Amino acid sequence: MKDALRDLISQALEKACADGVLSLERVPVAHLEVPRDPTHGDLASNIAMSLAKPAKMAPRAIAEVICERLDRSTDLLRDVEIAGPGFINFSFSDDAWRGRLLEIISAGDDFGSSRVGEGRRVQVEFVSANPTGPLHIGHGRGAVVGDALARVLAASGYDVDREYYVNDAGRQMEMLGQSVYARYLELCGRASEFPDEGYPGDYVIDVAKALRERDGDKWADAPEGEAVDAARSFGGDLLLERIRVDLAEFGIEFDCFTSEKALREDGTVSAATEELKKTQHLYEHEGALWFRSTGFGDDKDRTVVKSNGDLTYFASDIAYHRSKFTRGYDEIIDVWGADHHGYVKRVGAALEALGLDSKRFRVLLVQIVNLTRDGEPVRMGKRTGEFVELRQVVDEVGPDLARFFFLMRKADAQLEFDLELARRQTAENPVFYVQYAHTRIAGIFRQAEAKGVVLLEPSLGVAAALGNEDEIALIRTLNEFPEVVEGAAAAYEPHRVVFYVQRLAGEFHRFYTRHKCVTDDADLTAGRLLLVQAVKQVIGRALRLVGVSAPDRM
RNA sequence: GCCCUCGUAGCUCAGGUGGAUAGAGCACCGGCCUCCGAAGCCGGUUGCACAGGUUCGAGUCCUGUCGAGGGCACCA
């Protein structure tokens, strides 16, 4: 409908130019949007205002010119009016809306999908937590945002891959190895000294136990270096597996896990470093090799090769991101915790230095989750050993609530998660509000079936029974869905889908209390069933789009 | 000190890429089930941190001030 209207406006503008009442170098495409205030029609255009300057005419006069030349021979429009400083407000006819309802139903679960992505390959990298411990609630937020974003992009016609980057090389893993080794020695009844910077969490003991179960006491007498290596690789594998299971139970899966260690071992990192050396953006200082990231807007230059010859983590990062380009992705999205925001510039700088288009690289920063219990902050951190694991939270409140909750804010806003409140609200919360709308509609159909109502094939004739304000308003809201999804994809803001579905559910609940669907009037019943079927379809699709279930019974 | 993200109702948060009279939920008070599930609906009070600027028009863009959180390693 929007496209049809846009065409009508373009025609009117061209006609106006031909008539000589309007002089424009080129006819612009009208921008149409749904007005906040429903009394301002179904769609509003500000085109007259934006043309005021180039056409050297008063906005309202331009609006007049357009309206006079608008083709009204079709039954698309019911009303057109000029309002305020020069808005043109369009109202569609009820017939047009009923026709739209049928289109929505026949599109089925494809309604909401689009092809704006044009099949472009996009990679979403998210979670990417070090396999040095279980996931905590902050990772959960990143996981949910990344997953929902991937789903929204896929629905918008992108070819999406989900990737997890495993930082399994470097110091953190070394500390894990030493920590596990120390616990292992304790279990074997040997003297051990727990490393100062080690991981104190109890899970490390579990890992040590598992190692001992597999290998017995053999590492207790092995050279320490070898034993720590074994502990590290065993622990890393085990913890990564545990992360994978936790995420899978949360409904999140990845297409690909890329190992930093593998990138180092197969020469990807050194190759990227060599490549960078050719660019003149590296220089030597005090025995180390530096990247001149300040040349690309960074605060300070960054080390790539330490003076002892080791490659830094940054070197791996450069190589890893370079590999994303060579793997043929058109767009690269990283979902990072906000505490890593300092790295955005330097990675972008490195890509640019390598001659890659850093505009195709985008970082979505997910802000910190402030965990509280009855308003009191809960301290977290692997270092202190006290933190709330993601799986505890998911077990406590369920995956649907956890997901929904994380998506009720935009990613770059800080979020407070109150465990006690979440637990208490389990019976009464926004997810159930939406899911309840879905089950209510399922209930309507159960009722209809019980009463022996025969469901009719969708047709204009059946839809003809619909026409009151609430019915048309509901269709109008349904119609907004594809644009919401498109907008969410374009802005990388999956939370928009969540807000939309809450609005739709609310509108349905209101409709439900005001109007009965299964009535004595067969025509009205058929029409209303058609309408609520569409509502159920869209709520279901929207919920699944953010990974939340849409049950028929609760 | 420099950088990043943010500042909207008592609290938690939206505000669709600059539009018309800024919205939800929670909380508080009062109503609504002989009728498709009351996990619902209806009614009631308050707000864009502050000061400039850009233009027909700013919660939205720019600058500054104040405030919150985070980041500023040859750590990962």
Side-chain angles (χ1 to χ4, degrees), chain A residues 31 33-37 39-40 44 46 49-50 52-53 58-59 83-87 89 130 132 167 169-175 197 260 285-290 298-300 302-308 310 312-314 316-317 337-345 365 367-368 370 375 408-416 418 421 425 427-433 435-437 439-448 450-451 480 483-484 486-488 490-491 493 495-496 498-500 502-503 505-506 508-519 525 528-529 532 553-554:
Chain A
H31 174 71
E33 62 181 27
V34 179
R36 259 203 290 248
D37 185 342
T39 65
H40 292 143
N46 63 351
M49 279 134 83
S50 60
K53 199 173 253 179
F87 290 103
N89 296 334
N130 292 358
T132 53
N167 291 126
R171 203 182 129 73
Q172 300 297 335
M173 289 304 288
E174 181 61 25
M175 291 320 305
E197 307 264 302
E260 180 190 1
H285 177 67
E286 293 179 353
L289 209 52
W290 295 72
D298 198 5
D299 299 345
K300 49 187 75 171
R302 311 288 171 177
T303 322
V304 176
V305 184
K306 303 184 205 172
S307 52
N308 65 7
D310 287 353
T312 61
Y313 174 85
F314 180 43
S316 303
D317 242 3
D339 53 339
H340 286 70
H341 68 73
Y343 299 95
V344 177
K345 262 184 190 163
L365 292 174
Q367 277 288 347
I368 304 302
N370 294 311
M408 285 203 311
R409 283 94 178 132
K410 22 175 209 220
D412 54 11
Q414 290 166 38
L415 174 155
E416 187 180 305
D418 194 298
L421 209 63
Q425 283 186 352
E428 198 176 324
N429 63 57
V431 198
F432 286 3
Y433 181 81
Q435 290 178 327
Y436 183 48
T439 66
R440 261 185 155 175
I441 298 173
I444 291 172
F445 281 98
R446 283 193 289 271
Q447 176 73 15
K451 289 197 175 175
E480 289 176 39
E483 281 190 50
V484 169
E486 271 186 48
E493 291 184 349
H495 75 275
R496 291 189 194 185
V498 164
F499 280 89
Y500 168 78
Q502 288 184 98
R503 186 156 57 88
F508 167 74
H509 282 308
R510 231 166 295 130
F511 180 85
Y512 181 89
T513 42
R514 271 192 243 180
H515 307 287
K516 232 168 125 57
C517 293
V518 182
T519 67
T525 302
R528 294 236 166 110
L529 287 178
V532 298
R553 289 179 197 271
M554 295 166 61

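In what follows, chains carry the letters A, B, and so on, assigned in the order in which the sequence lines appear, proteins first and then strands, with residues in each chain numbered from 1. Just so you know, these numbers come straight off a predicted model, no measurement behind them.
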Any side-chain N or O of [X] under 4.0 Å from OP1/OP2 of [N]?
X      : N      : value
A:R36  : B:rU21 : no
A:Y500 : B:rA24 : no
A:K345 : B:rG71 : no
A:R496 : B:rA14 : no
A:H509 : B:rA39 : no
A:R503 : B:rG16 : no

Euclidean distance, atom NZ of residue A:K300 to atom P of B:rG1 [Å, nearest integer]:
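After rounding, the reported distance stands at 15 Å.
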Starting from C1' on B:rC35, measure out to NZ on A:K516 and report it in whole angstrom.
5 Å
Return the nucleotide paired to [N]: Watson-Crick means purine N1 to pyrimidine N3 with N6-O4 or O6-N4, wobble means G-U with N1-O2 and O6-N3, both under 3.5 Å.
N      : result
B:rG30 : B:rC42
B:rC61 : B:rG53
B:rU21 : none
B:rC75 : none
B:rU5  : B:rA68
B:rG47 : none

Nearest atoms (heavy-atom pairs only) where A:R302 meets A:K300
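Where A:R302 meets A:K300 most closely, the heavy atoms are NE-O, 3.2 Å.
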So, for A:N167 and A:M173, which heavy atoms are closest and what is the spacing to 0.1 Å?
O-CG, 3.6 Å
Return the stacking result for B:rA20 and A:H40: yes when the ring centres lie under 5.5 Å apart and the planes under 30°, no otherwise.
yes
Would you please determine if the base of B:rG37 is stacked by A:Y436, with stacking meaning a centroid separation under 5.5 angstrom and planes under 30 degrees?
no
Hey, does the side-chain of A:T312 have a donor or acceptor N/O within less than 3.5 Å of a partner on the base of B:rC74?
no
Between the base of B:rG19 and the side chain of A:N46, is one N or O donor paired with an acceptor at under 3.5 angstrom?
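It does, because a donor-acceptor pair links the side chain of A:N46 to the base of B:rG19 below 3.5 Å.
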A:T525 and A:T519: side chain donor to acceptor below 3.5 Å:
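Indeed, the side chains of A:T525 and A:T519 share at least one donor-acceptor pair under 3.5 Å.
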Going by an N to O cut-off under 4.0 Å, is there a salt bridge joining A:R171 and A:E174?
no
Classify the glycosidic conformation of B:rU17 as syn or anti, calling it syn when the angle lies within 90° of 0.
syn
